[in-house]
Amino acid sequence: MKLRNNMLFLVIALIVALVLGACAPAAAPEAAPPAESAAQPEAAAPAGAIQRGGTLTWARGSVPENLDVAWTENNADAWVVVNIMEPLVRVDSTGTKIEPSLAESWDVSEDGMVYTFHMRPNVKFHDGTDMTVDDVVYSLMRARDTGLWNWSLANTESIEAVDESTVQITLAEKSAEFLAGL
């Protein structure tokens with residue numbers, strides 16, 4: 001009886017294996033070698049170099065609820081926002097320093113109250129229009145006056161365009177964590 005049960009088990013296992021094997025997708029044909037005249041792909045950027053532009057393809061298990069950076073509080077939405085919007089400055093890859101982003105550099109006054117940001121040239125929005133310092137001023141003032149994260153700009157006395165490539169933020173009080181909060 002034991003031998004008969006073992007044989008029945010083996011026959012069922014073999015049938016299941018054959019059925020599953022028949023359901024598997026067909027193997028993809030091997031790609032033909034490239035033709036001699038085909039253009040060679042561009043060399044990859046050196047390690048550590050920033051690559052701007054291109055297409056980001058990202059699989060997600062849900063649809064974002066809110067992509068308004070001033071009002072985003074959902075962690076899953078924040079991960080999308082940080083990949084489609086840039087701040088003036090950001091934390092570096094080590095998490096220990098602040099580095100340029102939209103601002104290519106900045107100066108801090110001797111008293112620590114005035115931050116002058118020099119904007120990166122030729123920044124474009126997704127539709128191809130140029131980003132201006134007026135856009136930066138508007139975005140910062142909106143973030144200061146509304147939203148869930150307005151505490152990070154609550155210490156600002158003024159936010160203004162100095163010229164076509166410079167934004168100046170004057171603080172109400174000196175703040176060691178201002179750049180990190182920005």
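Counting begins at 1 with the first residue of the sequence.
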Participant: Examine distances only and state if a side-chain atom of S101 and a backbone atom of E86 form a donor-acceptor pair shorter than 3.5 Å.
Facilitator: no
Participant: Taking atom NE2 of H126 and atom CD1 of I84, what is their separation to the nearest 0.5 Å?
Facilitator: 9.5 Å
Participant: Between atom CH2 of W71 and atom CG of N150, what is the distance when rounded to the nearest 0.5 Å?
Facilitator: 7.5 Å
Participant: Does any non-hydrogen side-chain atom of F117 lie less than 4.5 Å from one of L102?
Facilitator: no
Participant: CD/Q168 to CG/D163 distance, rounded to the nearest 0.5 angstrom?
Facilitator: 10.0 Å
Participant: Taking the side chain as every heavy atom from C-beta outward, state whether D68 and R142 have any atom pair closer than 4.5 Å.
Facilitator: yes
Participant: More than 12 non-hydrogen atoms from neighbouring residues, nucleotides or ligands closer than 6.0 Å to CD on E73, yes or no?
Facilitator: no
Participant: Does K124, at its NZ atom, have more than 12 non-hydrogen atoms belonging to other residues, nucleotides or ligands within less than 6.0 Å?
Facilitator: yes
Participant: Under a 3.5 Å distance rule, please check whether D92 uses its side chain to pair with a backbone N or O of T96 as donor and acceptor.
Facilitator: yes
Participant: Distance from E157 atom CD to I169 atom CD1, nearest 0.5 Å?
Facilitator: 12.5 Å
Participant: V69 and L140: same hydrophobic cluster, using ILVMFWY side-chain contacts below 4.5 Å?
Facilitator: no
Participant: Hey, does V162 have a side-chain heavy atom less than 4.5 Å from the side chain of V133?
Facilitator: no
Participant: Yes or no on side chain to side chain contact (heavy atoms under 4.5 Å, CB included) for L67 and V80, after CA distance, side-chain angles and deciding distance?
Facilitator: CA-CA 8 Å; L67 296 180; V80 174; 3.8 Å; yes
Participant: Please check if V137 and L182 belong to a single hydrophobic cluster, counting links between Ile, Leu, Val, Met, Phe, Trp and Tyr side chain heavy atoms closer than 4.5 Å.
Facilitator: yes
Participant: Using side chain to side chain contact (heavy atoms under 4.5 Å, CB included) as the criterion, point out the one residue from T132, T166, L88 that pairs with M119.
Facilitator: L88
Participant: Answer yes or no: is there a donor N or O on one side and an acceptor on the other, between the side chain of D77 and the main chain of T72, under 3.5 Å?
Facilitator: no
Participant: Specify the closest pair of heavy atoms between L171 and G112, including all atoms of both residues, with the distance to one decimal.
Facilitator: CD1-O, 3.9 Å
Participant: Find out if a path of hydrophobic residues (ILVMFWY) with successive side-chain heavy-atom gaps under 4.5 Å connects V108 to I98.
Facilitator: yes
Participant: Please say which of E104, M131, E164 ends up in a side chain to side chain contact (heavy atoms under 4.5 Å, CB included) with P121.
Facilitator: E104
Participant: Under 4.5 Å between side-chain heavy atoms, counting indirect links through other Ile/Leu/Val/Met/Phe/Trp/Tyr residues: same cluster for V136 and M141 or not?
Facilitator: yes
Participant: For D111, does the CG atom sit with more than 12 other heavy atoms under 6.0 Å from it, leaving out its own atoms?
Facilitator: yes
Participant: Looking only at atom types and distance, does a side-chain atom of W106 sit under 3.5 Å from a main-chain N or O of P100, one as donor and one as acceptor?
Facilitator: no
Participant: Do F125 and D135 touch side chain to side chain, with heavy atoms closer than 4.5 Å?
Facilitator: yes
Participant: Are T156 and T170 close enough, and set up right, to give a side chain to side chain contact (heavy atoms under 4.5 Å, CB included), and what steps lead you there?
Facilitator: CA-CA 6 Å; T156 58; T170 303; over 6 Å; no
Participant: Check whether V81 and Y138 end up in the same hydrophobic cluster, where Ile, Leu, Val, Met, Phe, Trp and Tyr are linked by side-chain heavy atoms less than 4.5 Å apart.
Facilitator: no
Participant: For the atom pair OG (S152) and CG (L179), what is the distance rounded to the nearest 0.5 Å?
Facilitator: 12.0 Å
Participant: Identify which one of E173, R144, M113 satisfies the side chain to side chain contact (heavy atoms under 4.5 Å, CB included) criterion when paired with N155.
Facilitator: E173
Participant: Just so I know, are the side chains of F178 and L153 near enough to count as touching, which here means a heavy-atom distance under 4.5 Å?
Facilitator: yes
